[in-house]
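Note sheet for the following structure.
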Amino acid sequence: MHEMSIAISIVDAVADRVCQEGCTTVSSIELVVGRLSGVEVESLRFCFAAAAADTSAAGAELLIVEREAAGACEDCGAEFPIASYHACCPSCGRFRVRVTSGEELAVKSITIE
Amino acid sequence: MCDTCGCSSGEGAVLRKPGSEGYHVHIGEDAAHQHHHHEHDGGHGHSHGHEHEHREARKVEVEQDVLLKNNLLAERNRGWFEARRVLALNFLSSPGSGKTTLLEKTIPMLAGEWPVAVVEGDQQTTNDAERIHALGVPVIQVNTGTGCHLDALMVQRAIRELDLKGRSLLCIENVGNLVCPAMFDLGEAARVVVISVTEGEDKPLKYPTMFHSADLCILNKTDLLPYVDFDVERCREYAMQVNHHLEWLEVSARSGEGLDRWKAWLTSRLEKI
């Protein structure tokens, strides 16, 4: 259940920024979650509500932007979308894929008042 | 409430030391406390009196990795290890795959050649730390409470309490869990994932994030292979499909089979630090 740690990290990151901006209320948080980031979105939403209580992020809407993952074959160089780390190259059929995107987990923006 | 010192810190991780009755250190997120014969993080509480009137909503670009704080702390740990020439290994597995037994065999194997210290991670009890303490090496137990993984802050606090020698091995035994610890960099030089032949050979496919993030996979309990339906080659193939850079060793910590190759792997790493 590492989503609670993730949710707390989000709230911390947001609170720091809110403080810097001299504001008190956050109405929404835009979060980029890669398909391979290891985060369960529904679980994260649930944890976020609890983690944000009594902070500047309380009640903020979590806008999740899901990113697909992509990989490149280290043998033949082909680039293609992947759904997991267990990925087969559609071009040469080998399992020697380097992940090129989809591991992101970042706060993209916040809307403050 | 903390049942050792009676303070109100019921959340968060606690460090404990075998053989030091009453010793414990609370690892607070932002505030902790200190009593008698144990120390605590100096917490900080600050309040800002913002009187500005901000009525209009505005969007602020943040572009910050959610795990930034952990990753920065992990890099500090990594620099600390490098400066002291400590080889830090993060041991990961599901509960019961034999991580502690492997360490119990590894420590005497290196005795007289390389100093070893251990950080033990478990939700509760100092049982594993007691087993390591019995071997006479420095050990500290991190009890994560409800936490399912170690993080860089816990390791940073734990290593402060250990008398780490230069040119030595630090074994960090993570909480038994093949999911959550994969996300948290501790500052280790390498990740060692342990699986045992009493588990399913499809573990690498079921927990790809963990196997993808590992540097070495140790298949343990090979002495039990005659008694279980475990296809070693298939397991290895699955692991390589998830991470084709993964190194692979087969051992029985109980019988000692394969431990010479494990020692060679460790020694080659230690000689490079």
Side-chain angles (χ1 to χ4, degrees), chain A residues 1-34 36-40 44 51 56 63 73-75 82-88 94-99 103-113, chain B residues 11-13 29-30 46-71 144 146-151 153-154 175 177 179-184 202 204-214 237-246:
Chain A
M1 196 48 180
H2 57 286
E3 278 78 7
M4 189 43 115
S5 301
I6 301 293
I8 292 168
S9 300
I10 294 168
V11 170
D12 284 350
V14 169
D16 287 352
R17 194 55 188 261
V18 165
C19 193
Q20 286 166 21
E21 297 289 332
C23 288
T24 52
T25 316
V26 184
S27 55
S28 67
I29 300 166
E30 205 179 358
L31 189 73
V32 177
V33 180
L36 302 180
S37 68
V39 168
E40 267 309 313
L44 180 62
S56 51
L63 305 169
C73 178
E74 290 201 345
D75 278 0
I82 57 175
S84 86
Y85 286 115
H86 187 240
C88 180
R94 294 199 182 92
F95 286 87
R96 292 174 61 82
V97 175
R98 176 169 47 86
V99 175
E103 294 175 312
E104 308 88 336
L105 181 61
V107 178
K108 189 171 189 304
S109 71
I110 55 175
T111 303
I112 54 178
E113 287 171 20
Chain B
E11 304 275 323
E29 277 284 331
D30 54 9
H46 56 256
S47 61
H48 298 270
H50 292 296
E51 300 299 328
H52 324 285
E53 286 290 321
H54 290 282
R55 291 277 179 241
E56 281 185 25
R58 61 191 169 97
K59 190 171 167 179
V60 178
E61 296 298 325
V62 179
E63 299 288 354
Q64 181 181 315
D65 193 320
V66 168
L67 291 172
L68 179 73
K69 273 190 181 170
N70 185 76
N71 294 342
T144 57
T146 56
C148 48
H149 58 269
L150 294 180
D151 63 29
L153 177 68
M154 296 176 196
V175 178
N177 178 342
V179 184
C180 313
M183 290 193 72
F184 297 85
D202 56 355
L205 298 186
K206 286 180 172 169
Y207 303 98
T209 307
M210 178 61 76
F211 285 83
H212 184 79
S213 77
E237 189 183 333
Y238 287 153
M240 296 303 156
Q241 286 177 351
V242 168
N243 177 1
H244 57 282
H245 295 295
L246 189 67

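Every chain is numbered from 1 and lettered A, B, ... according to where its sequence line falls, protein lines coming before strand lines.
- For B:Phe211, no part sits under 4.5 Å from any heavy atom of chain A, backbone or side chain.
- With a 4.5 Å cut-off on non-hydrogen atoms, A:Ser37 touches chain B through its backbone but not through its side chain.
- For A:Asp16, the part lying near chain B is the side chain, with the backbone staying farther off; criterion is any non-hydrogen pair under 4.5 Å.
- Interatomic distance, A:Glu113 CD to B:Arg58 CZ, rounded to the nearest 0.5 Å: 11.0 Å.
- One distance of note links CE of B:Met183 with CD of A:Glu103; it measures 10.0 Å at 0.5 Å rounding.
- Of the two parts of A:Val32, neither the backbone nor the side chain holds a non-hydrogen atom closer than 4.5 Å to a non-hydrogen atom of chain B.
- For A:Ile29, no part lies near chain B; criterion is any non-hydrogen pair under 4.5 Å.
- For the atom pair NE2 of A:His86 and NE2 of B:His212, the computed distance is 13.0 Å after rounding to the nearest 0.5 Å.
- Only the side chain of A:Arg17 comes within contact range of chain B, with heavy atoms under 4.5 Å apart.
- Between A:Val14 and B:Val62 there is no side-chain heavy-atom pair separated by less than 4.5 Å.
- A heavy-atom distance below 4.5 Å is found between the side chains of B:Thr209 and A:Tyr85.
- Of the options A:Ile10, A:Val39, A:Val33, a side chain to side chain contact (heavy atoms under 4.5 Å, CB included) to B:Val66 is made by A:Ile10 and by none of the others.
- None of B:Asp151, B:Asn177, B:Val179 except one satisfies the side chain to side chain contact (heavy atoms under 4.5 Å, CB included) rule with A:His2; the exception is B:Val179.
- Your options are B:Asn243, B:Val60, B:Val242, and the one with the most heavy-atom pairs under 4.5 Å with chain A is B:Val60.
- Here A:Cys23 contributes atom SG and B:Glu56 contributes atom CD; the two are 11.5 Å apart, rounded to the nearest 0.5 Å.
- Looking only at heavy-atom pairs under 4.5 Å with chain B, the residue among A:Leu36, A:Val26, A:Val99, A:Val97 that has the most is A:Val97.
- Tested against B:His245 for a side chain to side chain donor-acceptor pair (under 3.5 Å), the candidates A:Arg98, A:Arg96, A:Glu74 yield a single pass: A:Glu74.
- Summarising the geometry, atom CD belonging to A:Glu30 is positioned 8.5 Å from atom CD belonging to B:Glu63; distances are rounded to the nearest 0.5 Å.
- Interface remark: of the candidates A:Thr25, A:Thr111, A:Ile110, A:Ile110 forms the most heavy-atom pairs closer than 4.5 Å to chain B.
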